[in-house]
Amino acid sequence: MAVSFATNIRPMFTDMDIAHMKNFGVLLDDFGFMRDPANAQKVLNAVSSGAMPPSNSGETSWSPDQVELFRNWITDRYQA
């Protein structure tokens with residue numbers, strides 16, 4: 001089963017994540033932005049290292065399953 005941005009990936013980003021990262025030019029809710037390999041890799045690096053969400057945000061870090069799902073979406077060539 002292909003991983004879909006709209007169904008599987010976008011819902012993993014909270015409204016707080018989206019608003020905060022937009023201030024840095026990172027458009028977590030924009031498929032066109034996120035399907036760019038460089039952008040997707042930066043986000044993957046941040047969520048897999050635990051840098052996103054920041055520890056002081058009060059939000060829970062992504063689980064290994066969530067990180068793997070995001071990684072699979074990248075590997076599957078960014079399905080909408």
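For the residue pair Ala40 and Met34, the shortest heavy atom distance occurs at CB-O, 3.3 Å. Closest of all the heavy-atom pairs between Val43 and Leu28 is CG2-CD2, 3.8 Å. Of all non-hydrogen atoms in Ser61 and Pro53, the two that sit nearest each other are CA-CD, 4.0 Å. Shown here for Met16 and Ser57, the closest heavy-atom pair between the two residues is SD-O, 4.0 Å.
At least one donor-acceptor pair closer than 3.5 Å links the side chain of Ser49 to the backbone N or O of Ala46. In this structure, the side chain of Asn45 does not engage the main chain of Lys42 through any donor-acceptor pair within 3.5 Å. Counting only distance, with no hydrogens or angles, the side chain of Asp76 and the backbone of Ala2 share no donor-acceptor pair below 3.5 Å. With Gln41 contributing its side chain and Ala38 its backbone, the two residues share no donor-acceptor pair below 3.5 Å.
How far OG of Ser48 is from CD of Gln66: 12.5 Å, rounded to the nearest 0.5 Å. Atom CG of Leu44 and atom CG of Asn39 lie 12.5 Å apart (nearest 0.5 Å). Within the model, atoms CE of Met52 and CG of Asp17 stand 5.0 Å from one another, a figure rounded to the nearest 0.5 Å.
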Carefully, step by step, assess Leu69 and Met12 under the rule side-chain contact (heavy atoms from CB on, under 4.5 Å).
CA-CA 10 Å; Leu69 183 64; Met12 292 194 297; 4.1 Å; yes
Carefully, step by step, assess Asn72 and Thr75 under the rule side chain to side chain donor-acceptor pair (under 3.5 Å).
CA-CA 5 Å; Asn72 288 342; Thr75 302; 5.0 Å; no
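Classification of Arg10 and Asp15 as a salt-bridged pair holds, one side-chain N sitting under 4.0 Å from a carboxylate O.
Exactly one of Phe70, Phe13, Trp73 qualifies for a ring-ring contact (aromatic ring centres under 6.0 Å, His included) with Phe5. That residue is Trp73. Considering Leu27, Asp29, Asp30, Val26 as possible partners of Ile18, the one that fulfils the side chain to side chain contact (heavy atoms under 4.5 Å, CB included) test is Asp29.
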